[in-house]
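Here's the structure we're looking at; comments come further down.
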Amino acid sequence: MNGADAGSCIVVGAGISGLLAARELRAEGWRVTVVEKGRRVGGRMATLRLGGGNFDHGAQFFTVRGERFAGLVEGWLAAGAAEEWSRGFADAAGEYNQDGHPRYRGSGGMTSIPEYLARGLDVRTGERAVRAEPRAGGWEVACEGGLRVSGAALLLTAPVPQSMELVESGGHELPEEVRGRLREVSYDPCLALLALLDGPAGVPEPGGMQIKGEPLDWIGDNRRKGISETHAITIHAGPGWSRDHFDDDEPEITRSLLSLATNRLATDLGSLTLETSLVRWPYSWVTNSHPEPCLAVPDGPPLLFCGDAFGQPKVEGAALSGLAAADRLLGRQG
Ligand SMILES: Cc1cc2nc3c(=O)[nH]c(=O)nc-3n(C[C@H](O)[C@H](O)[C@H](O)COP(=O)(O)OP(=O)(O)OC[C@H]3O[C@@H](n4cnc5c(N)ncnc54)[C@H](O)[C@@H]3O)c2cc1C
């Protein structure tokens, strides 16, 4: 490999931040390669098919606050990649609280949006980046399966501990000040149980119960949400419960979460359940973020960190962070 070209970038991670950054750079004529360890794009905007049901198991919906994000979402709505779901959710008591603010979802599940954004990009899925090394004024990234990609710039969009591990794997030393700032970022874990049911679970209108507590944080009915033809529910444990039980055996976690949700919904989920799957998210919500929308490492070939840990959290924050990283590489004010 003969070093890197000007106007080229390796993006690690095909979540919303990485895909939006890649699109911006591509639109300015950059050569961009996105490497993604998952089989599909989307990262934490994830939709899984299980036994005939469709489940959103990471992000459940998103809201819009700022103008720049609103502009993007308008485009997704017009393209049919996103839809409005509701203007509020049921609370812990089952009361549907409508506050007038739209909550959006991907049209076929949250993954519809990243899938739409990935069109026309060079995205290599199923490629886990395991080593990143500065080479000839740019970067070279090696993936587990043997793929090697090079670029003038490197954009890391994975949760921060994973990005730090990758960049340090090749012996590259981050300045102490940068390491310190990155180490301040923290996340909550989330245990997500997906259950395919034989009948309705009794999740109240509009198919989402936002409990925001412990031991349960959320119960979503993917059928009422409009993304599954069969009865398919997503149960998210709260951050404290998830931390305490993160490494427990799957059958034990499954039993507990079904029983907790049964109590909450007053429907015997145990007798309705046909199939389950457990997803362990070590990094779900950001609990302490970096104040700037991205972080550019001052020395060496261009190296940037971005994602939902930079600036604002959630889907909107991640999207804006990806755009900010692209702005930075393109020398735009943003
Ligand atoms: C359970 C849960 C519930 C949530 N609920 C909501 C919600 O309701 N509303 C909301 O707005 N937000 C929610 N969020 C947060 C939201 O999903 C994230 O803020 C957002 O999707 C983050 O996008 P990102 O691009 O920063 O990171 P990610 O989506 O995590 O993308 C990073 C990508 O990098 C890839 N990657 C990591 N390491 C490597 C490697 N070594 N090589 C190659 N690829 C790699 C990952 O596979 C991933 O695809 C939720 C998250 C979770 C987990």
Side-chain angles (χ1 to χ4, degrees), residues 10-22 33-47 55-65 69 73 85 89 103-106 110-111 113-114 117-118 123-132 141-145 147 149 155-167 169 185 187-194 208 210 212 217-218 220 225 234-239 242 279-287 289 293-294 305-325:
I10 309 161
V11 177
V12 177
I16 187 103
S17 61
L19 292 172
L20 282 170
T33 310
V34 184
V35 291
E36 165 56 53
K37 70 180 179 184
R39 277 185 296 127
R40 294 174 73 181
V41 299
R44 282 170 277 165
M45 293 177 79
T47 310
F55 298 80
D56 275 338
H57 57 286
Q60 298 294 298
F61 65 92
F62 61 92
T63 49
V64 176
R65 291 173 196 279
F69 188 56
V73 175
W85 176 4
F89 292 110
R103 271 67 162 184
Y104 299 97
R105 60 170 171 80
M110 293 301 271
T111 321
I113 296 162
L117 295 175
V123 183
R124 316 288 178 92
T125 51
E127 297 287 357
R128 177 192 294 270
V130 288
R131 204 171 164 83
V141 167
C143 297
E144 211 167 38
L147 175 73
V149 287
L155 179 56
L156 301 174
T157 76
V160 169
Q162 297 176 338
S163 289
M164 283 180 80
E165 193 185 325
L166 176 65
V167 80
S169 65
V185 168
Y187 302 79
D188 272 334
C190 179
L191 288 170
L193 184 73
L194 317 180
Q210 200 166 27
K212 287 189 176 170
D217 181 66
W218 167 267
K225 183 178 188 177
T234 301
I235 304 168
H236 283 166
S242 297
V279 181
R280 300 176 206 246
W281 293 104
Y283 308 105
S284 65
W285 297 90
V286 177
T287 47
S289 53
C294 66
F305 290 78
C306 77
D308 65 344
F310 298 84
Q312 304 170 39
K314 305 190 199 176
V315 169
E316 177 164 6
L320 294 175
S321 176
L323 296 181

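Counting convention: from 1, in listed order, for ligands and their atoms alike.
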Contact table, ligand 1 N/O with protein N/O, distance under 3.5 Å:
| unit_1 | atom_1 | unit_2 | atom_2 | d |
| --- | --- | --- | --- | --- |
| ligand 1 | 8 (O) | Q60 | N | 3.3 |
| ligand 1 | 8 (O) | F61 | O | 3.3 |
| ligand 1 | 9 (N) | F61 | O | 2.7 |
| ligand 1 | 11 (O) | V315 | N | 3.0 |
| ligand 1 | 19 (O) | D308 | OD2 | 2.6 |
| ligand 1 | 19 (O) | K314 | O | 3.4 |
| ligand 1 | 25 (O) | I16 | N | 3.4 |
| ligand 1 | 25 (O) | S17 | N | 3.0 |
| ligand 1 | 25 (O) | S17 | OG | 2.7 |
| ligand 1 | 26 (O) | D308 | N | 3.0 |
| ligand 1 | 27 (O) | R44 | NH2 | 3.1 |
| ligand 1 | 29 (O) | R44 | N | 2.8 |
| ligand 1 | 30 (O) | R44 | NE | 2.8 |
| ligand 1 | 30 (O) | R44 | NH2 | 3.2 |
| ligand 1 | 41 (N) | A129 | O | 3.0 |
| ligand 1 | 42 (N) | A129 | N | 2.9 |
| ligand 1 | 44 (N) | K37 | N | 3.1 |
| ligand 1 | 47 (O) | E36 | OE2 | 2.6 |
| ligand 1 | 49 (O) | E36 | OE1 | 2.6 |
| ligand 1 | 49 (O) | E36 | OE2 | 3.1 |
| ligand 1 | 49 (O) | G43 | N | 3.4 |

List the steps, then state whether side-chain contact (heavy atoms from CB on, under 4.5 Å) holds for V315 with Y104. CA-CA 11 Å; V315 169; Y104 299 97; over 6 Å; no
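Applying the salt bridge (charged side-chain N to carboxylate O under 4.0 Å, His left out) test to E144 and every residue at least two apart in sequence or in another chain returns R128.
Note: F61 and F89 have tilted aromatic rings, judged against thresholds of 30 and 60 degrees for the angle between ring planes.
Remark: K225 engages D56 in a salt bridge, criterion side-chain N to carboxylate O under 4.0 Å.
The two residues A129 and V35 make their nearest non-hydrogen contact at CB-CG2, 4.2 Å.
A heavy-atom distance below 4.5 Å is found between the side chains of R44 and D308.
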